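First up is the structure itself, then whatever we jot down about it.
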Amino acid sequence: MANQIRRLRFEHGEMTQSELAEKIGMTRQTIAAIEAGKYSPSLEAAFRIAHVFGARLDDVFQWEE
């Protein structure tokens with residue numbers, strides 16, 4: 001699964017992984033793994049991430065076969 005988290009973080013005031021993690025109740029390490037494509041978030045976590053950026057889910061995450 002691809003994602004735009006890194007780009008969105010920088011477009012939103014250069015938000016750090018730690019700041020995003022705090023906003024959604026996760027650890028920085030989990031955000032780093034999601035951002036790197038090494039971990040797929042739960043549906044709830046994905047919606048929380050999208051909500052922080054005021055974005056639609058498919059603007060943040062893209063399914064790649």
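Treat the numbers as computed from the prediction; the structure is a model and nothing was measured.
Residues in residues 55-65 take part in these salt bridge (charged side-chain N to carboxylate O under 4.0 Å, His left out) pairs, two or more places apart or across chains: R56-D58, R56-D59. Within the structure, the ring pair (Phe, Tyr, Trp, His ring centres under 6.0 Å) test picks out no pair touching residues 14-37 (sequence neighbours left out). Listed by first and then second residue, the salt bridge (charged side-chain N to carboxylate O under 4.0 Å, His left out) pairs that reach into residues 29-42 are R9-E35, sequence neighbours excluded. Residue pairs satisfying the ring pair (Phe, Tyr, Trp, His ring centres under 6.0 Å) criterion with at least one member in residues 17-38, sequence neighbours excluded, are absent.
Contacts of E11 classified as side-chain hydrogen bond (donor to acceptor under 3.5 Å, both in side chains), with partners at least two apart in sequence or in another chain: R7. The side-chain hydrogen bond (donor to acceptor under 3.5 Å, both in side chains) search around E44 returns R48, not counting sequence neighbours. With sequence neighbours excluded, the residues that form a side chain to side chain contact (heavy atoms under 4.5 Å, CB included) with H12 are L8, M15, F53.
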Tell me which donor-acceptor pairs under 3.5 Å the side chains of residues 21-28 have, and how far apart each pair is, sequence neighbours excluded?
| from | atom 1 | to | atom 2 | distance (Å) |
| --- | --- | --- | --- | --- |
| T27 | OG1 | T30 | N | 3.1 |
| T27 | OG1 | T30 | OG1 | 2.8 |
| R28 | NH1 | Q17 | OE1 | 3.3 |

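Across G37 and N3, no two heavy atoms sit closer than the pair N-ND2, 4.5 Å.
Counting only heavy atoms from C-beta outward, the side chains of I34 and F61 approach each other to under 4.5 Å.
One finds the CD1 atom of I49 at 9.0 Å from the CG atom of L57 (value rounded to the nearest 0.5 Å). To the nearest 0.5 Å, atoms CH2 (W63) and OG (S40) are separated by 7.0 Å. Put simply, CZ on F10 and CD on Q4 are 13.5 Å apart, with the number rounded to the nearest 0.5 Å.
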